[in-house]
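Fair warning: this is a prediction, and the values are worked out from it, not measured in the lab. Counting starts at 1 for both ligands and their atoms, in listed order. Computed from heavy atoms alone, side chains included, the values below leave out hydrogens, waters and symmetry copies.
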Amino acid sequence: MSSTETSNQSERQSLWPNYSPPADLVFSHGKGSELFTESGEAYLDFLSGIAVTSFGHAHPHLVKVLDEQAHKLWHISNLFRIPGAERLARRLTEHSFADQVFFANSGTEAIEAGLKAIRGYQLATGHPERFRIIGFTESFHGRTLAALAAAGNENHTRGFIPTDYGFDQAAWGDLESLREQITPQTAGIILEPVQGEGGIRPASTEFLQAVRQLCDEQGLLLMYDEVQCGIGRSGKLFAHQHSAIAPDIMALAKGLGGGFPVGACLTSVAVGQTMGVGSHGSTFGGNPLAMAVGNGVMDLLLEPGLLDEVHSKGESLRRKLEGLIERFPEQLDSVHGRGLMIGLKCKTNNVELMAALRQNQLLVGTAGGNMLRLLPPLNISQTDIDRGVDILAATVAEIAAA
Ligand SMILES: *Cc1c(COP(=O)(O)O)cnc(C)c1O
């Protein structure tokens with residue numbers, strides 16, 4: 001073992017052991033849809049750092065806006081106006097149901113802000129008794145305490161959260177189960193329009209419609225978690241726009257910074273106005289560096305035709321995956337998702353297939369329900385889609401032959 005390898009081993013132990021041991025791969029740089037190791041080996045990236053690097057690695061426009069801002073001003077705090085934040089907020093609201101935005105630094109912080117806003121709104125509108133929030137099974141909303149409680153996944157909450165933290169759970173997609181959870185103390189409902197970690201499962205238009213109606217009838221707020229499925233990933237700017245059922249609150253993060261940490265909580269003016277001075281805040285949230293990159297991502301997202309391309313590339317990838325399922329019916333089951341947020345349900349073990357793909361230099365993720373999770377960059381080329389599918393075909397063939 002060389003001395004650098006030895007020091008790398010012990011340096012690793014300086015980190016918390018909270019993540020399952022990462023693949024022993026160190027990337028030194030990336031370009032577009034590819035990542036490169038120090039020794040120059042290229043890996044095709046169908047994971048995008050879990051739906052974050054939506055325009056690939058080192059996109060020239062994003063490098064330019066980051067570099068320009070880096071030479072001017074990084075951070076100033078929210079004690080001063082930040083024109084980049086005002087501009088990004090305006091652009092997000094112009095293209096959504098929302099009127100106002102709070103900027104954070106991550107998905108879970110955007111969620112936390114929204115959950116507080118649900119309670120803040122009920123309190124401010126004369127309903128202090130309404131504080132409970134309903135989430136759905138198999139959801140994922142992040143790792144801070146309220147986000148954990150909202151998702152209610154016992155593997156994540158056990159030992160960290162008191163039995164009753166003011167959250168209730170309904171079964172995903174089950175309207176009866178949702179009705180049963182609603183009480184006079186219910187303040188709002190949170191859901192992912194396309195469940196990510198839980199298994200790439202889109203909510204049906206009928207379900208969203210029924211949930212919206214329940215909220216309107218009972219004075220509840222509806223919050224969407226579009227941390228993963230938003231920002232063009234589904235082929236629309238926001239995934240719920242496939243069904244045109246608007247929420248009152250929406251959390252964004254992942255793709256919004258293209259790799260720079262940015263989170264955002266979008267609300268209607270009725271909700272936003274109840275979050276007065278002192279109700280919430282963040283030291284870093286919306287700082288000039290993050291906002292420059294966020295605006296850079298919006299420049300790319302709003303380019304005419306980009307979202308149509310995400311849609312058509314998603315369709316093309318799905319068709320090719322359907323073809324693979326026909327070829328390998330013992331190994332592969334079905335295709336799920338929207339746009340370039342795709343789940344390939346496996347019959348063999350998804351984690352083993354992911355590892356085998358990595359051996360063959362294709363990076364993918366996994367999700368619940370024995371899914372392989374494909375999240376290529378939104379601007380991936382057709383050539384790279386074809387290359388990815390070829391690697392998948394060859395790898396599944398290897399497994400089938402073994
Ligand atoms: C990733 C994710 C989060 C949490 O985001 P972090 O930036 O890791 O805090 C929340 N909700 C969904 C749907 C996610 O995919």
(message) With heavy-atom distances below 4.0 Å as the criterion, list the atoms of ligand 1 near Glu192.
(response) 13 (C)

(message) Distance under 4.0 Å to a non-hydrogen atom of Gln228: what atoms of ligand 1 satisfy this?
(response) 15 (O)

(message) Quick check against the 3.5 Å criterion: does Gln241 have a side-chain atom that pairs as donor or acceptor with the backbone of Phe238?
(response) yes

(message) Using a strict threshold of under 4.0 Å (side-chain N to carboxylate O), is an ion pair present between Lys31 and Glu34?
(response) no

(message) Any salt bridge linking Asp299 with Arg91? Criterion: basic side-chain nitrogen under 4.0 Å from a carboxylate oxygen.
(response) yes

(request) Indicate whether atom 8 (O) of ligand 1 is within a distance of less than 4.0 angstrom of some protein heavy atom. (result)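 When distances to the protein are checked, atom 8 (O) of ligand 1 has no heavy atom within 4.0 Å.
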
Any N or O of [X] closer than 3.5 Å to N or O of ligand 1:
| X | answer |
| --- | --- |
| Thr108 | yes |
| Asp225 | yes |
| Gly107 | yes |

(request) Check each heavy atom of Val227 against ligand 1 and say whether those closer than 4.0 Å belong to the side chain, the backbone, both or neither. (result)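 Looking at Val227 and ligand 1, just side chain atoms fall under 4.0 Å.
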
(request) Indicate yes or no: at least one non-hydrogen side-chain atom of Leu214 is less than 4.5 angstrom from one of Leu220. (result) no

(message) Just so I know, are the side chains of Leu375 and Gln228 near enough to count as touching, which here means a heavy-atom distance under 4.5 Å?
(response) yes

(message) Considering only residues two or more places apart or on different chains, which pairs with a residue in residues 340-353 satisfy side chain to side chain donor-acceptor pair (under 3.5 Å)?
(response) none

(request) Could you check atom 14 (C) of ligand 1 against the protein and tell me its nearest heavy-atom contact, residue, atom and distance included? (result)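 Result: Lys254 NZ, 2.9 Å.
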
(request) Among all protein heavy atoms, pick the one closest to atom 4 (C) of ligand 1 and tell me residue, atom and distance. (result) Gly142 CA, 3.6 Å

(message) Ring centres under 6.0 Å, that's the criterion: do Tyr224 and Phe97 meet it?
(response)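 No, the ring of Tyr224 stays outside the 6.0 Å limit from the ring of Phe97, centre to centre.
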
